[in-house]
Amino acid sequence: GTGASVRWLGIDLSGVDDRLRAAVEFEADTGLWVISELSGVMALEGRPSYDRDTQTLRVTDVDYELESDSLLAGIADRLLHGRLRDRIQEELVFPLEAIIGNIREGLEDELEGVRLSNYGTISAQIDTLSPEAIRVDSSDLELQITARGTMALNLTLPLN
């Protein structure tokens, strides 16, 4: 309805069998005079994957369950479940280009001037970082990232 709004009250993230699960507690103002307020929990589940071409993390194979005491929410879910599921999946796209850039800069900063015992230092220039694999368990979403670039070793070796 006109003037509808949703307020997120909390979110619980977890992993199940390499799938990401997000349980979102919400309150909604429908903007309708018949039933103006809804509340409940929407539990989303999907499989995270990395798209190298667009440098995005996507969640695919998405579905959700709606838990609400509202009869209107139950009816709307039965009528619109497929369309809402598809719309949610379209929105679960997260650009990683900026995050990967920050990781690259952080790694280069951490490697700059690292001492190799008393023999010298390291400096590095990372040309590319690319996620290779994604793993989900009960408490973590883990990206395995491969770095490619050059590393300079500035060594001073004793001659005696």
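- Going from atom CD of E97 over to atom CD of Q55 covers 5.0 Å, rounded to the nearest 0.5 Å.
- With contacts defined as side-chain heavy-atom distances shorter than 4.5 Å, the pair E27/L9 qualifies.
- Rounded to the nearest 0.5 angstrom, I75 CD1 and L80 CG are separated by 11.0 Å.
- Considering CZ of R85 and CD of E90, their distance stands at 11.5 Å, rounded to 0.5 Å.
- Across all their heavy atoms, F94 and V59 have their closest contact at CE1-CG2, 4.2 Å.
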One pair to check against salt bridge (Lys or Arg N to Asp or Glu O under 4.0 Å): R87 and E91. What are the steps and the verdict? CA-CA 7 Å; R87 173 63 194 241; E91 297 295 324; 3.4 Å; yes

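- Salt bridge status for D61 with R19: present, with a side-chain N to carboxylate O gap under 4.0 Å.
- Contact record, V41 with A23: CG1-CB, 4.2 Å, taken as the closest heavy-atom pair.
- Between F26 and W8, the ring planes are perpendicular. Angles over 60° get that label, and only those under 30° would be called parallel.
- To the nearest 0.5 Å, atom CG of residue L44 and atom CG of residue L66 are 10.0 Å apart.
- In this structure, OH in Y64 is found 4.0 Å from CG in D77, a value given to the nearest 0.5 Å.
- Residues L84 and M42 are in side-chain contact: their nearest non-hydrogen atoms beyond the backbone lie under 4.5 Å apart.
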Y50 vs L96, side-chain contact (heavy atoms from CB on, under 4.5 Å): CA-CA, chis, key distance, verdict: CA-CA 9 Å; Y50 181 71; L96 295 183; 3.7 Å; yes

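- Few gaps surround CG on N102; more than 12 heavy atoms of other groups in view lie less than 6.0 Å from it.
- In this model, no donor atom of one side chain and acceptor atom of the other lie less than 3.5 Å apart for S68 and S70.
- The two residues P48 and D18 have their closest heavy-atom pair at CD-O, 3.8 Å.
- In the hydrophobic clustering of this structure, I11 groups with L57; members are Ile, Leu, Val, Met, Phe, Trp, Tyr whose side-chain heavy atoms approach within less than 4.5 Å, directly or through other members.
- For the atom pair E105 CD and E110 CD, the distance stands at 12.5 Å (nearest 0.5 Å).
- Here the side chain of Q89 pairs a donor or acceptor atom with the backbone of V62 at under 3.5 angstrom.
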